Amino acid sequence: MLIDSHCHLHDREFFSNEEAKSALKKAAATDVTKIICIGTDPDDSEAARLFAEQNSNVFYTYGIHPSECQKFAVEKPAGSAKLVGIGEIGLDYHYSPETREDQIKLFEQLLQLATDKNLPVSFHVREAFDDFFGVIQNFPRIRGVVHSFSDSKKVLKRILNETDFYVGLNGLATYSTLPTPPLEKILLETDAPFLAPTPFRGTKNEPAYIKEIALWLAEHLGTDIVTVSETTSKNVHDLFNI
Ligand SMILES: [Zn+2]
């Protein structure tokens, strides 16, 4: 049993209805039994909710991506048994360093929402870890996963030493030299349609490719895919309660 803990399969900008349906079938046939669709703004989160309510093995999160910080305000997410987290939220100074203050303000509001609702968080952090560590210090009850980690060994160590967060590992790992977190801290994710793993690099990513990432990780760690599947699925269960 494998789980895709972060994808955008509900987003009709990337997947038509038919494509999403066939991707779900392919995922099930590849032993990817659960999928979390991640919201990037209130409308997109609503699309994720509808998609999750139509498909028994799909769950979703409510979030506003830091790049959308000047377009959207925090609203109350619709109540749903399929809502398993808040995200993706965070700070991204790679594309929009000029909106730093607005990003931090929005991030704090969404961390408060996660605290109030007692929901785990999917973090998007890029070139902004100093501010990230500063902000989360004020929210000690927050649990979460640093999605698509792509920073240095030093930053990875800080995450592991200073927080209880999990780290999201995806197709990037299969063709780069990123530091690898310990298996007990890894959540597997595709971030589909982005970041397809080797050997599908350059094509549209989909949840079934979690298998390729798991195979890569098993080989990289010198272990077997059963150990990788069981441990990472348990990690998702412990964080998102699915
Ligand atoms: Zn994403």
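Just follow the structure's listing: the first ligand is 1, and inside any ligand the first atom is 1. These numbers come from a predicted model, not from an experiment.
Annotation: side chain to side chain contact (heavy atoms under 4.5 Å, CB included) contacts of His237 (sequence neighbours excluded): Asn241.
A salt bridge links Glu46 with Arg49: at least one charged nitrogen is closer than 4.0 Å to a carboxylate oxygen.
Asp44 and His10 are linked by a side-chain donor-acceptor pair at a separation below 3.5 angstrom, with hydrogens and angles left out of the test. Checked by atom type, the side-chain pair Ser67/Asp92 shows no donor-acceptor distance below 3.5 Å.
The only member of Val135, Ile89, Leu91, Asp131 that meets side-chain contact (heavy atoms from CB on, under 4.5 Å) when paired with Gln103 is Leu91.
Between Phe59 and Phe240, the ring centre distance reaches or exceeds 6.0 Å.
Distances from the Zn ion (ligand 1) under 2.8 Å pick out these protein N/O/S atoms: His6 NE2, His8 NE2, Glu88 OE2, Asp191 OD1.
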